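If you're wondering where the values come from, they're calculated on a predicted model, not measured in any experiment. In this chain, residues are counted from 1 in sequence order.
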Amino acid sequence: SPEHLDRLVRFGISHVRIPLGYWMLEPVYTVSDGFVAGGEWYLARALGWMKVRGIKAVLDLHAMPGAQATDSFTGKKVAEVAFFQDEEHFQRGKEAVEALADLVLAYEASASTAGVVVGIQLLNEPLHAFWDTPMGIRAFYEDAVPRARRKLGADRYMLLLSFMDSPHSGTAAWLAERRRQDPENFAAVVYDAHMYHSFGDNAEPWSADVDTCKTCCRDLHILEPVSSLGLPLVVGEFSLATGFGGWGQNGFPQMFLDNQWSLFNTTSGVVGSFLWNFRLLLAEARPRWYLEWSLLDLVDAGYLAEDGAYGSDLAVLCPDLPNSGKVLGKCPSYESQVVYWDSPCGWGPLLNTTTATTSTRTSTATTSTATTTATATTTTTAEIFDDIDGGAIASWCGPRCEWGRLGVAVAALGLAVAAAE
């Protein structure tokens, strides 16, 4: 609602990532898919509200025909990933990208929504097992990016590409090579990495020190395969979720948010981040259930300040760390280790640096060379990427980069079409 957007502006949010189901796009929608059409009217209205408030939007193709992963965010929780195994679904996905680009151009032509959309995401969290299959992620991006770029110029629009490998070395190397070989189409194409400490990362016993260690010591190594190649990077999803109780004690939510924002702000190449989610509908019987996922409810409950972003020092990695009794010098060493999304982190004695953390994930391992201590920089991300990618990334970051790149996701819009006030 407009009131929600007003509160987001007050909090310091400048950009919103809006996940969409392909069925919102009329040229791609068919009744036999089993979804309800008509959501585009709500999207246009929301963009109009955002224009009045100076908020920018990234439109995210969150769900594809046949599902690009087994999770329910694709619109249906499925056992088989048909998008990458059925030619009709695969081609309809490319048509969805073009239809979304056409919709963006229509919004640009309307006075009520012009200038709001700054980019689109071509695919959300595709199952990485299909990276290099004949109808896989790589093949999809290599065809869909030029299709989108023919309609949406790099001087105005970013194209976000989501990757789910761990570590990110293989896909980062591919994107760097595509940008070198095809600079016209891949200019302002941004690597999207999602970072969560839940979904199997955190484990018992949990304490606030666990997430603080991961954010302040480990997570820059997760981003390093991308940042070390000079690629523009967006953290397309992150959250305050820990997966365990006790998260609300001793000011942890605000510190956790500040720590993550400071990580993104001090990591080379990161041009923005989106917190999942701005608001959830919490069950009345269990109001704290999923509360840590809902930004505005955390503000209402007093865990976050109403102007939470403006009180944060984002120029230094983990600025509140000394107040917690920890210093970056006590970070475990990850040198000569392969760092995965769920690699452990613990304060105190150094981890064994002679063996690499094992993982069952299918990916190409590389050695992390990032240092464990980040230093503040006076060069804004906008200045860094204005030279290599033109206006699209610079306009995202803004003249004061530290305040021009804080975003939230609006999960409900497009995925579930419901009557809105």
Side-chain angles (χ1 to χ4, degrees), residues 8-9 11-19 50 53-62 104 115-122 124-125 152 154-163 168 172 175 187-196 215 219-220 222-223 226-227 229-240 257-278 295 308-310 312 314-315 317 374 377 379-386 388-411:
L8 292 177
V9 170
F11 190 81
I13 299 301
S14 60
H15 291 67
V16 173
R17 174 177 179 255
I18 305 179
M50 292 168 62
R53 291 157 179 82
I55 299 176
K56 304 298 183 182
V58 170
L59 303 185
D60 157 38
L61 264 177
H62 213 72
V104 170
V116 177
V117 178
V118 296
I120 65 173
Q121 181 150 23
L122 276 59
N124 177 73
E125 294 190 353
L152 304 177
D155 60 330
R156 289 288 307 277
Y157 300 100
M158 293 183 299
L159 304 180
L160 277 64
L161 306 186
S162 175
F163 301 96
H168 292 302
L175 181 55
V189 171
V190 181
Y191 193 108
D192 176 16
H194 295 179
M195 299 191 72
Y196 289 107
T215 302
D219 287 355
L220 74 160
I222 294 176
L223 297 176
V226 184
S227 62
L229 294 178
L231 294 172
L233 167 65
V234 164
V235 180
E237 292 181 19
F238 75 102
S239 81
L240 303 185
L257 181 59
D258 290 346
N259 285 345
Q260 291 186 86
W261 271 343
S262 73
L263 168 67
F264 308 148
N265 196 57
T266 57
T267 299
S268 174
V270 178
V271 296
S273 60
F274 291 97
L275 178 73
W276 188 283
N277 191 295
F278 95 102
L295 174 64
Y310 293 103
S312 305
L314 304 184
L317 177 61
T377 175
T379 303
T380 68
T381 312
E383 292 169 333
I384 294 172
F385 289 106
D386 188 41
I388 63 172
D389 279 308
I393 291 178
S395 65
W396 154 271
C397 207
R400 289 201 61 205
C401 195
E402 62 268 33
W403 305 126
R405 53 203 222 121
L406 307 179
V408 292
V410 181

Among Val270, Leu223, Leu229, Leu233, whose side chain to side chain contact (heavy atoms under 4.5 Å, CB included) with Tyr191 holds?
Leu233

Non-hydrogen side-chain atoms of Leu8 and Phe278 separated by less than 4.5 Å:
yes

To check you understand the geometry: which heavy-atom pair defines the closest contact between Thr267 and Leu263, and what is its length?
OG1-O, 2.6 Å

How many angstroms lie between CD1 in Ile13 and CD1 in Ile55, if you round to the nearest 0.5 Å?
8.5 Å

Atom CG of Leu160 and atom CG of Asp60: how far apart are they, to the nearest 0.5 Å?
8.5 Å

Using modelled atom types and a 3.5 Å cut-off, is there a donor and acceptor pairing between side-chain atoms of Gln121 and backbone atoms of His62?
no

Point-to-point distance, once rounded to the nearest 0.5 Å, from CZ of Phe238 to CH2 of Trp276
13.0 Å

How far does OG1 of Thr215 sit from CD1 of Ile222, to the nearest 0.5 angstrom?
9.5 Å

Do Leu61 and Leu122 have side-chain heavy atoms sitting under 4.5 Å apart?
no

Distance-minimising heavy-atom pair for Phe163 and His168:
O-CE1, 4.0 Å

Say whether, by atom type as modelled, one donor and one acceptor occur between the side chain of Ser262 and the main chain of Asn259 under 3.5 angstrom.
yes

Do the non-hydrogen side-chain atoms of Ile120 and Leu159 ever get within less than 4.5 Å of each other?
yes

Specify the closest pair of heavy atoms between Asp258 and Leu314, including all atoms of both residues, with the distance to one decimal.
O-CD2, 4.3 Å

Is any side-chain heavy atom of Arg17 less than 4.5 Å from a side-chain heavy atom of Asn124?
yes

So which heavy atom on Ser268 is nearest to which on Ser227, and how close?
O-CB, 3.0 Å

For Met50 and Ala57, the nearest pair of non-hydrogen atoms, with its separation, is CE-CB, 3.4 Å

Side-chain heavy atoms of Trp261 within contact of Val235, under 4.5 Å:
no

Taking every heavy atom of Tyr196 against every heavy atom of Glu125, the minimum-distance pair comes out as CE1-OE2, 4.5 Å

Point-to-point distance, once rounded to the nearest 0.5 Å, from CG of Asp219 to CG of Leu317
10.0 Å

Side chains of Leu275 and Leu240: closer than 4.5 Å at any heavy-atom pair?
yes

